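To keep things clear, I will list the structure first and then write my remarks on it.
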Amino acid sequence: MPLNYYIVLATILFSIGMFGVILRKNTIVMFMCIEMMLNAVNLSFVAFSKFHGNLEGQIGVFFIMVVAAAEASVGLAIIISVFRAIVSVETSDSNELKL
Amino acid sequence: MSSYFSSADLFRIAPLVVLSFGAFCLLLMEVFIKGAWDKARTAGLFTLVAFVSLYYYRGQFFEGSTAFQGLLFTDPYTFFFAALILIGTFITRLLSDERLREEGVGAQAEYFSLLLMCSVGAMIFVAARELIVLFLGLEIMSIALYCLCGSALWSTRSSESALKYFLLGSFSSAVMLFGMSLLYGLSGTLVIPDIASALSSMPAENMGILLVAIGLMLVGFGFKIGLVPFHFWAPDVYQGSPTPITAYMACVVKAAAVAAAIRVMTLLFVHGDLFSVWSDAIWFIAAITMTIGNLSALRQRSVKRMLAYSSIAHAGYMFVAFIAPETGGLSAILFYLVTYTAMTFGAFGITMIVANSFPEKTDADDISNFNGLGFTRPMLGVLMTIFMFSLAGLPPGLAGLLGKFYLFNAAVKANFISIAVIGVLNSAISCYYYLNVLVAMYFRKGEVSPSHPVGMPMAGALGVCAAASIFLGVFPSKLYEIAAYVVTTF
């Protein structure tokens, strides 16, 4: 399959994730969208790696997965600590900080 | 079989090793030591040792030097920012000393451990020569910082600021990562100088993809630096976080992000045909960042929020000089970063002392709490005056004045006169809200606050910041020479 297919798929996944973060109000869903963006990037890294015939991109993917896991643990902990305080995961309820 | 790294590589990353070791030590000591022990001092000690090790191996940092088979730059530019990051970490430790509990931070060992980790990430971020290493540095720094923002566990505001920073920060990292993958696709390598040489021989039809990649990278850096239109997280996060962490974010993290952005962007994009596109983008970003930062700061009641918008505006001033890398713009940015760090740390330090004098109020950092401060606590009043004048760029805060002069002068020399004019007008606007603090301190009557004594570490930190805000303006030549030398080395 040509490289373009993979890149177009990765771009579509990335865009879905990006619009999800921007449009949705539920923090868990926003967080899932961020994970989807990272996985779209992984897909494009692997495709480019195959295209160029070197392994740098594929090794990079491992590091991105590690970071995504660390981000997931910290992110969920933060969501829980907010939930304890306001009993909601909606961003619109996190409104104590404003002008 | 060739060895993967030499002992010289380890000497070059000695401060990173010391700080990582310190971070783990703090966590283990918390488990094994029964009874009270001074976490702040331990963390400060590790920072000092890291600084000494950096200084001891300074001979390893020379022009064109790299470590770990070209994954890290270890040139004078890295050395300069490693030193700045370590000094900033130490000042943060001094600010954290006294009122950490009043800021609501219970788990102090974890707090200081994360602080050291965050500095490790910042140093890797500045030193990265490869895109994945750059990403790892960014994430080590950011993930530690998400936790630090939420470290006042029982404060709703602190958790809320951690949530906002986490969502927008990881979003921006993902965006930047997509830019990296496009650069990898275009060039077939992740090593930054190799990408630059591959891009110069790139076929013209890929230009569109390259512009998208530049845009995505710029968004990623813009979020971390707090450039408009990627700034909207900053005021909330700055206000909600514990004050020492706010100061750390505004100074150290911003300095690291600016340093990495300068290096990566200069190596990759600021040459040849791309320069005109680049300078247009930077012109626009710098102009709106300064203007929106300053105009939003005008109507803030919370001093922390006001300082957050002011730090956005200062990022805009720095990017004015980024438009003119040929005419001393980069060294001007480095000089300004040092002076900006000194005065911002000082301003946040005083805000913290004042806010903690009113523990029963929910809006402890409201500007009305500064009323009459110049008479009830004259020393704090004088120091705050120095910092505010310096941020506004008025004498006697000469460092801020001179820093701004270098920034705008570089832009004028490169014939970007309009942006320099916008910058000067913005400095004039900013005087209003900085001087507003002075009006509150000296011309309004306030309630006499229960006077907390200010401890030695905090007083020392404030004194050093105030001295730097004045003396870097009176004797700027040494620092400016160093900055000018350092930027020629990458």
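Below, chains carry the letters A, B, ... as their sequence lines are ordered, and counting in each starts from 1. Every value quoted in this text rests on a predicted model; they were computed, and no experiment measured them.
Per-residue counts of heavy-atom pairs under 4.5 Å with chain A were compared for B/Ser173, B/Ser187, B/Ser302, B/Ser159; the largest is that of B/Ser159. Taking B/Leu153, B/Val237, B/Leu190, B/Leu168 one by one and counting their heavy-atom pairs under 4.5 Å with chain A, the maximum is reached by B/Leu190.
Under the side chain to side chain contact (heavy atoms under 4.5 Å, CB included) test applied with B/Ser181, the options A/Ile7, A/Val41, A/Asn42 reduce to a single match, A/Val41.
The shortest distance between side-chain heavy atoms of B/Leu186 and A/Phe48 does not fall below 4.5 Å. Between A/Phe62 and B/Ile132 there is no side-chain heavy-atom pair separated by less than 4.5 Å. Within the 4.5 Å cutoff, no side-chain heavy atoms of A/Val21 are placed close to those of B/Leu167.
Here the closest heavy-atom approach between residue B/Ile143 and residue A/Val67 is recorded as CD1-O, 4.3 Å. Nearest heavy-atom pair across B/Phe166 and A/Ile78 is CB-CD1, 4.0 Å.
For B/Tyr146 (side chain) and A/Val74 (main-chain N/O), no donor-acceptor pair under 3.5 Å exists by modelled atom type. Judged by distance alone, with hydrogens and angles left aside, the side-chain atoms of A/Asn54 form no donor-acceptor pair with the main-chain N or O of B/Thr189 at under 3.5 Å.
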Walk me through it: do B/Phe171 and A/Cys33 pass the test side-chain contact (heavy atoms from CB on, under 4.5 Å)?
CA-CA 9 Å; B/Phe171 175 74; A/Cys33 289; over 6 Å; no
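More than 12 heavy atoms of other residues, nucleotides or ligands shown are found within 6.0 angstrom of CZ on B/Phe232.
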